[in-house]
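The next block holds one structure in the form of structure tokens; read it before the comments.
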2 protein chains.
Amino acid sequence: MQGVRLTPTSYIVLGLLSWVAEATPYDLKRMVAGSVGNLWSVQHAQLYTEPERLAKAGYLTEDRERGGRRRRRYAITERGRAALREWISMPTDDFTELRDPGLLQLFFGADPAELASTQLHVHEEKLREYEEVRARGSSDAPAGPRLALEAGIGHEREWIRFWRRLAKG
Amino acid sequence: MQGVRLTPTSYIVLGLLSWVAEATPYDLKRMVAGSVGNLWSVQHAQLYTEPERLAKAGYLTEDRERGGRRRRRYAITERGRAALREWISMPTDDFTELRDPGLLQLFFGADPAELASTQLHVHEEKLREYEEVRARGSSDAPAGPRLALEAGIGHEREWIRFWRRLAKG
DNA sequence: ACCGTCATGTAATCGGTTACATGATTCT
DNA sequence: AGAATCATGTAACCGATTACATGACGGT
């Protein structure tokens, strides 16, 4: 029940658990892979440690299976929901830098054309992936993920524009 | 002289030191603030620890002032230059996820219009800042930083497009 | 003189990454 | 039956953030 600092990872766990009755770390891993992971990936090891932290702080309940694998199953508590709601309702004015490794290379003098050709492939591939996700998505999908996906697509397109310009001198 | 893993932070330090004869951590801090920092910021404390690591591994020389502040002055070695060159010449196929806190909130159900209005301000401000940097930049500035700045501007514009659409339902 | 801000640095903490391991399943 | 892959978990390490401190300097 100690106070803990809630990080983006915390909110990802809380957010996912707000959608389902309960989940094991492995369930979380799969959920991340299919959704938020595109925008903010999480190492699987963290999906073991983070819920544990959150449970200790009262945001989740932890329930260990008897027998068999003795999997841990987590469920969100009212306190967890409250924390999630509060975070969501307070629009952040943070934003992330690009922090793109390729761009860093460009910054420090990498050959634009060569770098661009590599990066173009990567981003075109990613764009295709996103568009496929979008195509598969049912129309009754929640708005949040859908909009986030749109953002992802927009930025991939921007990357492609950028690198394409560099590719041809 | 041990082997160390070179991180993006390492390359930022190496890259900056490849531009000047020598620099103190504080010099590095200022250099970062005015250039790469826009794309990949570094905490000032790391500009003390990272050069130390790099020096131990032979990528930099460390030289402590006698008397006065006893500042540490670092300079890149041939080995450091080689490492930098090698990294630059090998186009990475890595890329970064958006990892945008606002987008994460949107994903988990934040009110689009409200969030958008906050985020719009932030990104418009950032764009203005970038454009100012661009305007100030001399035309003989190195290509890398200039191109990286263009990328930054492009993405800020993309963010603005995105949030603007959400701002008005 | 005093205050605020810039300059400069160290230490502790901690989230996140990497590495390591073993149990189940599925496929040939 | 054996190989490969998926499922599931723990432990150690380490880079990065946060917090803490003091010195210099310009302005009122």
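The chains referred to below are lettered A, B, ... by the order of the sequence lines, with proteins before strands, and numbering in each begins at 1.
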Rounded to the Å, how far apart are A/K29 NZ and D/dT8 P? 9 Å
Any side-chain hydrogen bond (donor to acceptor under 3.5 Å, both in side chains) involving residues 85-96 of chain B? Give me the pairs, sequence neighbours left out, ordered by first then second residue. B/E78-B/R85
Is a donor from one side chain sitting under 3.5 angstrom from an acceptor on the other, for B/E97 and A/S41? yes
Check the distance between D/dT22's P and B/R71's CZ and give it to me in whole angstrom. 20 Å
State whether B/E52 and B/K56 are salt-bridged, where the test is any N-O pair (Lys NZ or Arg NE/NH1/NH2 against Asp/Glu carboxylate O) under 4.0 Å. yes
B/R99 CZ to C/dG15 P, straight-line distance once rounded to whole Å: 15 Å
Given atom CD of A/E97 and atom C1' of D/dA16, what is their separation to the nearest angstrom? 13 Å
DNA chain C contacts among residues 42-54 of chain A, heavy-atom distance under 4.0 Å: A/Q43, A/A45, A/Q46, A/R53
Report the hydrophobic cluster partners of A/M90, with the cluster defined as I, L, V, M, F, W, Y residues connected by side-chain heavy atoms closer than 4.5 angstrom, directly or transitively. none
Once you round it to whole Å, what is the distance between C1' of D/dG9 and CZ of A/R30? 15 Å
B/R99 side-chain N/O to B/L104 backbone N/O, donor-acceptor pair under 3.5 Å: no
Determine, for B/R128 against B/E132, whether the closest basic-nitrogen to carboxylate-oxygen distance falls under 4.0 angstrom. no
Using whole Å, report how far CZ of A/R72 lies from P of D/dT8. 13 Å
A/Y11 OH to C/dG15 C1', in whole Å, measures 15 Å
Spacing between B/W40 atom CH2 and D/dG15 atom C1', to the nearest angstrom: 13 Å
